[in-house]
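Here is the structure we will look at.
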Amino acid sequence: MKIGIACDHAGFDHKEKLKEYLLSKELIVEDFGCYSIESVDYPDFSHELCKSLENKKNIFGIQFCGTGNGINMTANKHLNIRAALCWKEEIAQQARLHNNANILTMPARHLNWDQVKEITDVFLETKFEGGRHQRRVEKINKI
Ligand code: RB5
């Protein structure tokens with residue numbers, strides 16, 4: 001499974017740990033930055049991650065900023081990106097089951113590493129339920 005990861009400075013530490021964790025599970029990881037705790041602008045990194053999903057280079061994305069909000073809003077500007085802001089396992093599970101989310105966004109400043117790991121595992125292990133949720137997901141882009 002190919003996964004892209006991205007963050008801003010607030011999410012750098014979690015993103016680095018996550019990269020090691022995903023690699024240890026023998027997943028293929030593409031890191032879109034940022035690469036230090038120096039202050040940066042989260043859209044610069046999220047847009048690159050989203051483009052890699054749009055180009056089908058990566059199947060899923062995982063991204064962090066401090067609250068998760070800014071980077072999540074950015075990703076959801078992309079037409080076929082469904083980024084879900086998840087701060088507990090149940091939300092991550094339903095984001096996959098019901099929303100077919102393709103990006104997991106987490107609020108780095110509000111989660112410890114164990115929580116990040118658990119939320120990530122649930123997100124990657126859960127399959128989209130389809131059925132009535134397929135119809136709803138298809139309506140998301142119909143504005
Ligand atoms: C950076 O200080 C912070 O604003 C950012 O990480 C994020 O929380 C924005 O939504």
Side-chain angles (χ1 to χ4, degrees), residues 1-129 133-143:
M1 190 189 288
K2 293 184 177 178
I3 300 175
I5 57 175
C7 66
D8 72 354
H9 50 286
F12 174 73
D13 288 342
H14 278 329
K15 189 265 288 174
E16 289 297 292
K17 273 192 175 173
L18 183 71
K19 180 163 54 180
E20 293 310 313
Y21 180 61
L22 296 174
L23 289 171
S24 78
K25 289 161 78 85
E26 304 198 347
L27 299 168
I28 299 166
V29 181
E30 191 171 3
D31 185 352
F32 292 93
C34 65
Y35 303 108
S36 77
I37 55 168
E38 187 185 335
S39 182
V40 290
D41 301 336
Y42 51 79
D44 297 339
F45 307 95
S46 183
H47 285 314
E48 294 308 310
L49 167 62
C50 292
K51 283 188 222 164
S52 81
L53 268 71
E54 290 167 329
N55 298 336
K56 304 207 186 312
K57 278 179 70 198
N58 292 301
I59 307 280
F60 288 123
I62 305 179
Q63 58 177 11
F64 303 89
C65 70
T67 61
N69 271 322
I71 205 161
N72 201 54
M73 290 174 187
T74 304
N76 280 319
K77 293 290 179 191
H78 292 250
L79 201 58
N80 290 311
I81 295 295
R82 291 175 302 280
L85 177 55
C86 300
W87 62 95
K88 55 193 283 190
E89 287 170 75
E90 291 84 350
I91 294 174
Q93 187 185 38
Q94 293 201 0
R96 290 288 306 128
L97 282 173
H98 292 184
N99 312 119
N100 201 13
N102 50 12
I103 292 192
L104 166 61
T105 305
M106 288 179 277
R109 288 185 173 141
H110 302 273
L111 296 175
N112 62 39
W113 167 242
D114 283 340
Q115 291 170 308
V116 167
K117 204 165 56 164
E118 286 158 10
I119 292 167
T120 298
D121 284 342
V122 168
F123 186 88
L124 295 179
E125 285 161 10
T126 307
K127 295 206 173 355
F128 180 47
E129 216 172 76
H133 300 295
Q134 177 68 40
R135 182 181 68 241
R136 293 166 187 168
V137 166
E138 282 169 13
K139 285 185 179 180
I140 291 175
N141 288 346
K142 292 197 173 139
I143 49 171

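Small disclaimer: the values here were computed from a predicted structure and weren't measured. As the structure lists them, so they are numbered: ligands from 1, and atoms in each ligand from 1.
Checked by atom type, the side-chain pair Gln134/Glu138 shows a donor-acceptor distance below 3.5 Å.
Shown here for Ala10 and Cys65, the closest heavy-atom pair between the two residues is CB-C, 4.2 Å.
Taking NE2 from His14 and OH from Tyr21, the interatomic distance works out to 14.0 Å, rounded to the nearest 0.5 Å. Annotation: the span from Ile103 atom CD1 to Ile71 atom CD1 amounts to 8.5 Å, rounded to 0.5 Å.
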Give me the pairs of N or O atoms, one from ligand 1 and one from the protein, that sit under 3.5 Å apart.
residue, atom, partner, partner atom, Å
ligand 1, 2 (O), Arg109, NH1, 3.3
ligand 1, 6 (O), Asp8, OD2, 2.6
ligand 1, 6 (O), Gly66, N, 2.7
ligand 1, 8 (O), Gly66, N, 3.4
ligand 1, 8 (O), Thr67, N, 2.9
ligand 1, 8 (O), Thr67, OG1, 3.2
ligand 1, 10 (O), Thr67, OG1, 3.3
ligand 1, 10 (O), Gly70, N, 2.9

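Counting only heavy atoms from C-beta outward, the side chains of His133 and Arg136 approach each other to under 4.5 Å. Annotation: side chain of Arg96 is in contact with side chain of Phe60 (closest heavy-atom distance under 4.5 Å).
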